[in-house]
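See below for the structure under consideration.
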Amino acid sequence: MLERVTRRSDNQCLVDVLLGEKVFVSQFVNAYGCEIGENSKIGSFVEIQKGAKIGPNCKISSHTFVCEGVEIGKGVFVGHNVSFINDKRPSACALDGTLQREGDWTLIKTFVEDAASIGTGAIIMCGVRIGRGAVIGAGAVVTKDVAPGSTVVGVPARILHKGKV
């Protein structure tokens with residue numbers, strides 16, 4: 001069961017968050033307009049933007065950025081300082097020179113399937129699907145889909161172990 005929560009303090013800001021039962025949210029978390037499933041643990045200095053979804057029984061480690069358009073399945077581990085990207089052509093300004101607003105860019109979704117594990121410092125580019133049980137090595141830059149059960153490492157990420165599909 002999810003409960004809509006808004007809670008602001010000197011060391012935590014949750015605004016319009018659908019929060020499952022027994023979720024642990026550390027200090028210095030900024031989350032708004034998102035969903036966090038039951039029994040999940042959110043580490044310090046994590047930001048979770050509107051429209052992002054984190055499934056039940058997940059661990060999101062400290063200093064991680066989960067942007068709009070990211071959907072994380074059940075039982076996923078996300079290491080420290082992982083960044084998700086949601087725009088292939090980021091820019092500060094629109095064509096007319098003004099600061100970009102919501103409608104000035106294209107959101108590209110990213111999916112992390114159940115039981116995947118993402119290593120510390122990984123960067124997950126937009127538009128990819130990380131398959132069930134896949135492992136992303138620390139520091140990897142994921143630019144393409146990762147097959148279920150596979151392990152990828154490096155920059156750009158390449159297959160170290162091919163999982164059974």
Side-chain angles (χ1 to χ4, degrees), residues 1-87 90 101-102 105-143 145-153 157 163:
M1 179 172 163
L2 297 172
E3 174 187 356
R4 191 165 302 278
V5 172
T6 294
R7 180 173 47 211
R8 295 176 196 216
S9 68
D10 289 342
N11 59 12
Q12 191 180 76
C13 184
L14 306 178
V15 177
D16 194 30
V17 175
L18 282 172
L19 204 59
E21 294 180 17
K22 298 180 183 174
V23 170
F24 175 79
V25 179
S26 295
Q27 294 184 23
F28 309 110
V29 169
N30 184 35
Y32 52 95
C34 60
E35 182 178 313
I36 304 171
E38 64 185 28
N39 298 315
S40 289
K41 181 178 179 182
I42 310 300
S44 296
F45 303 102
V46 168
E47 177 162 337
I48 307 168
Q49 293 185 327
K50 69 178 175 145
K53 294 182 181 178
I54 296 172
N57 302 309
C58 290
K59 182 177 180 189
I60 311 299
S61 300
S62 69
H63 299 87
T64 289
F65 177 69
V66 182
C67 57
E68 179 180 5
V70 173
E71 293 187 22
I72 296 175
K74 300 173 186 171
V76 171
F77 172 81
V78 178
H80 301 277
N81 199 34
V82 170
S83 292
F84 290 88
I85 310 297
N86 64 4
D87 184 2
R101 291 175 294 190
E102 187 108 11
W105 61 284
T106 302
L107 172 71
I108 301 173
K109 292 191 171 196
T110 298
F111 300 92
V112 181
E113 295 181 357
D114 298 350
S117 180
I118 302 174
T120 293
I123 298 172
I124 313 301
M125 300 304 288
C126 58
V128 300
R129 179 175 294 273
I130 297 172
R132 179 180 180 80
V135 175
I136 310 302
V141 177
V142 178
T143 61
D145 290 353
V146 178
S150 293
T151 300
V152 298
V153 298

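The first residue of the sequence shown is numbered 1, and numbering continues consecutively from there. What you see is a predicted model; the values in this text were computed from it and never measured.
In summary, Glu102 and Lys50 engage in a salt bridge, as defined by a charged side-chain N under 4.0 Å from a carboxylate O.
Side-chain atoms of His80 and Thr120 form no donor-acceptor pair, as typed in the model, at a separation below 3.5 Å.
Note that CD1 of Ile85 is 6.5 Å distant from SG of Cys67, once rounded to the nearest 0.5 Å. Taken to the nearest 0.5 Å, the SG atom of Cys34 stands 11.5 Å off from the NZ atom of Lys53. Here Ser61 contributes atom OG and Lys41 contributes atom NZ; the two are 8.0 Å apart, rounded to the nearest 0.5 Å. The line from CD of Glu21 to CD of Glu38 is 6.5 Å long, rounded to the nearest 0.5 Å. Separating the SG atom in Cys126 from the CD atom in Glu68 is a distance of 12.0 Å, to the nearest 0.5 Å.
Residues that satisfy the salt bridge (Lys or Arg N to Asp or Glu O under 4.0 Å) test with Glu113, not counting sequence neighbours, are Arg129. Not counting sequence neighbours, the partners of Asp114 by the side-chain hydrogen bond (donor to acceptor under 3.5 Å, both in side chains) test are Arg132. Partners of Phe45 under the ring pair (Phe, Tyr, Trp, His ring centres under 6.0 Å) rule, at least two apart in sequence or in another chain, are Phe28, His63. Qualifying salt bridge (Lys or Arg N to Asp or Glu O under 4.0 Å) partners for Glu47, counting only residues two or more places apart in sequence or in other chains: none. Residues satisfying the side-chain hydrogen bond (donor to acceptor under 3.5 Å, both in side chains) criterion with Glu35, sequence neighbours excluded, are absent altogether.
Taking the side chain as every heavy atom from C-beta outward, Phe77 and Asn57 never approach each other to under 4.5 Å. With contacts defined as side-chain heavy-atom distances shorter than 4.5 Å, the pair Pro56/Asn39 does not qualify. In this structure, Ile36 and Ile42 have side chains that are in contact, with non-hydrogen atoms separated by less than 4.5 Å. Side-chain contact between Ile54 and Ile48 is present, with heavy atoms from C-beta onward closer than 4.5 Å. Here the side chains of Ile118 and Val112 are in contact, with some heavy-atom distance below 4.5 Å. Under the 4.5 Å side-chain criterion, counting only non-hydrogen atoms from C-beta, Trp105 is in contact with Asn86. Taking the side chain as every heavy atom from C-beta outward, Ile136 and Ile130 approach each other to under 4.5 Å.
When every heavy atom of Val146 is checked against every heavy atom of Ser150, the shortest pair comes out as CG1-CB, 4.1 Å. When every heavy atom of Cys58 is checked against every heavy atom of Gly75, the shortest pair comes out as SG-N, 3.8 Å. Between Gly55 and Ser40, the closest heavy-atom pair is O-OG, 2.9 Å.
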Check: residues 11-19 side-chain donor-acceptor pairs under 3.5 Å, at least two apart:
unit_1: Asn11; atom_1: OD1; unit_2: Ser9; atom_2: OG; d: 2.9
unit_1: Asn11; atom_1: ND2; unit_2: Gln27; atom_2: OE1; d: 3.4
unit_1: Gln12; atom_1: OE1; unit_2: Arg7; atom_2: NE; d: 3.0
unit_1: Gln12; atom_1: NE2; unit_2: Val25; atom_2: O; d: 3.1
unit_1: Gln12; atom_1: NE2; unit_2: Ser26; atom_2: O; d: 3.1
unit_1: Asp16; atom_1: OD1; unit_2: Arg4; atom_2: NH1; d: 2.6

Test side chain to side chain contact (heavy atoms under 4.5 Å, CB included) applied to Met125 and Phe84, step by step: CA-CA 6 Å; Met125 300 304 288; Phe84 290 88; over 6 Å; no
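A donor-acceptor contact shorter than 3.5 Å is absent between the side chain of Ser83 and the backbone of Ile124. Here the side chain of Thr64 pairs no donor or acceptor atom with the backbone of Val46 at under 3.5 angstrom. Formation of a donor-acceptor pair under 3.5 Å by the Thr110 side chain with backbone atoms of Val70 is not found in this model.
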